[in-house]
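Computed from heavy atoms alone, side chains included, the values below leave out hydrogens, waters and symmetry copies.
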Amino acid sequence: MPSWSRALHRYRFRSVWLLPDAPPAVVYAVLERVESYPRWWPQVRAVDRTGESGGTARFRSFLPYHLDVVAGEGARDPRAGVLEVTLRGDLEGWVRWTVAARGGGTRVLFEQEVEVRKPLLRRLALPGRPLFVLNHALMMRSGRRGLAVWLAR
């Protein structure tokens, strides 16, 4: 596959969530319980554990497509506040959360590097890329809001 084609299907995302009223250990514990994500993050439609350190997940944001992935445990370091997951399926790559104290609350850094494998999204890569990036940004904003509400309950 030519390098331009690979670049067209690769995405790197970075989001920062500030949660001023939540202690880092509590935020880390919530992020660690991936099976609860559908309760506070509307675009995470389903998460099913398939063992100690893996599972499947389905995502659907505002655009009319869903993504199915198989997740495996990557780095997990509560002291450093790092949770990392590997992805296979419609997305291949990794996702990392880094949780740290900030003032009296928490700063959460979300990083993701993936290659889209879903055939429809690969075919629409060139014209659809700006919409896919916007779709991801909206999903992340909704996730931050949902987590803040979940933590406040």
Side-chain angles (χ1 to χ4, degrees), residues 1-22 24 27-28 30-49 54-77 80-100 102-103 105-152:
M1 178 180 306
S3 61
W4 64 266
S5 179
R6 283 191 66 103
L8 191 59
H9 301 109
R10 294 187 74 80
Y11 292 84
R12 294 186 80 167
F13 296 108
R14 186 176 191 276
S15 296
V16 174
W17 294 0
L18 299 177
L19 302 163
D21 300 320
V27 173
Y28 186 92
V30 171
L31 292 175
E32 199 172 34
R33 287 191 297 274
V34 296
E35 61 277 358
S36 73
Y37 282 33
R39 293 185 201 139
W40 56 265
W41 198 342
Q43 293 79 20
V44 180
R45 300 302 172 101
V47 174
D48 296 303
R49 283 206 177 265
T56 61
R58 173 171 271 206
F59 310 101
R60 167 124 191 238
S61 193
F62 298 99
L63 293 177
Y65 63 83
H66 65 268
L67 297 171
D68 292 313
V69 297
V70 175
E73 189 173 326
R76 185 179 192 171
D77 186 347
V82 174
L83 285 169
E84 189 173 291
V85 175
T86 60
L87 302 175
R88 295 186 340 263
D90 290 340
L91 300 174
E92 284 192 18
W94 55 267
V95 172
R96 180 184 310 124
W97 297 103
T98 305
V99 178
R102 168 118 182 213
T106 300
R107 177 184 186 270
V108 179
L109 173 62
F110 172 90
E111 298 171 283
Q112 180 179 39
E113 187 171 318
V114 293
E115 181 173 339
V116 174
R117 306 299 299 161
K118 188 174 184 88
L120 173 64
L121 300 184
R122 289 178 73 84
R123 283 192 297 276
L124 296 173
L126 190 57
R129 188 175 187 90
L131 290 174
F132 300 156
V133 170
L134 176 62
N135 196 51
H136 188 273
L138 294 171
M139 179 179 173
M140 295 306 295
R141 184 168 53 180
S142 180
R144 192 208 58 78
R145 287 180 180 157
L147 181 56
V149 169
W150 181 261
L151 291 165

With Asp68, which of Arg60, Lys118, Arg58 fulfils side chain to side chain donor-acceptor pair (under 3.5 Å)?
Arg58
Do the non-hydrogen side-chain atoms of Leu121 and Leu67 ever get within less than 4.5 Å of each other?
yes
Are side-chain heavy atoms of Tyr28 and Val108 found at a separation under 4.5 Å?
no
Where do [X] and [Y] come nearest, in terms of heavy atoms and distance?
X	Y	answer
Thr106	Pro24	OG1-N, 3.0 Å
Glu113	Arg10	OE2-NH2, 3.1 Å
Glu84	Arg96	OE1-NE, 2.7 Å

Only one of Arg145, Arg107, Arg144 forms a side chain to side chain contact (heavy atoms under 4.5 Å, CB included) with Trp17, so which one is it?
Arg144
Pick out which of Val114, Thr86, Leu87 makes a side chain to side chain contact (heavy atoms under 4.5 Å, CB included) with Val69.
Leu87
Around Arg88, counting heavy atoms of other residues, nucleotides and ligands shown, do more than 12 lie under 6.0 Å from its CZ?
no
Can you tell me if Arg102 has over 12 outside heavy atoms packed within less than 6.0 Å of its CZ?
no
Do NZ/NE/NH1/NH2 and the carboxylate oxygens of Arg33 and Glu35 come within less than 4.0 Å?
no
Hey, can you pull the donor-acceptor pairs under 3.5 Å for the side chains in residues 131-142, sequence neighbours left out?
from   : atom 1 : to     : atom 2 : distance (Å)
Asn135 : OD1    : Ser61  : OG     : 3.3
Asn135 : OD1    : Phe62  : N      : 3.0
Asn135 : OD1    : Leu63  : N      : 3.1
Asn135 : ND2    : Tyr65  : OH     : 3.3
His136 : NE2    : Gln112 : OE1    : 3.0
Ser142 : OG     : Gln43  : OE1    : 3.1
Ser142 : OG     : Gln43  : NE2    : 3.3

Plane angle bin for Tyr11 and Phe13 - parallel if under 30°, tilted between 30 and 60°, otherwise perpendicular:
parallel
So, using ring-ring contact (aromatic ring centres under 6.0 Å, His included) as the criterion, who are the partners of Phe59 when residues are at least two apart?
none
I need the Trp97 CH2 to Ser15 OG distance, nearest 0.5 Å.
8.0 Å
Sorted by chain and number, sequence neighbours left out, side chain to side chain donor-acceptor pair (under 3.5 Å) with Trp94 holds for none
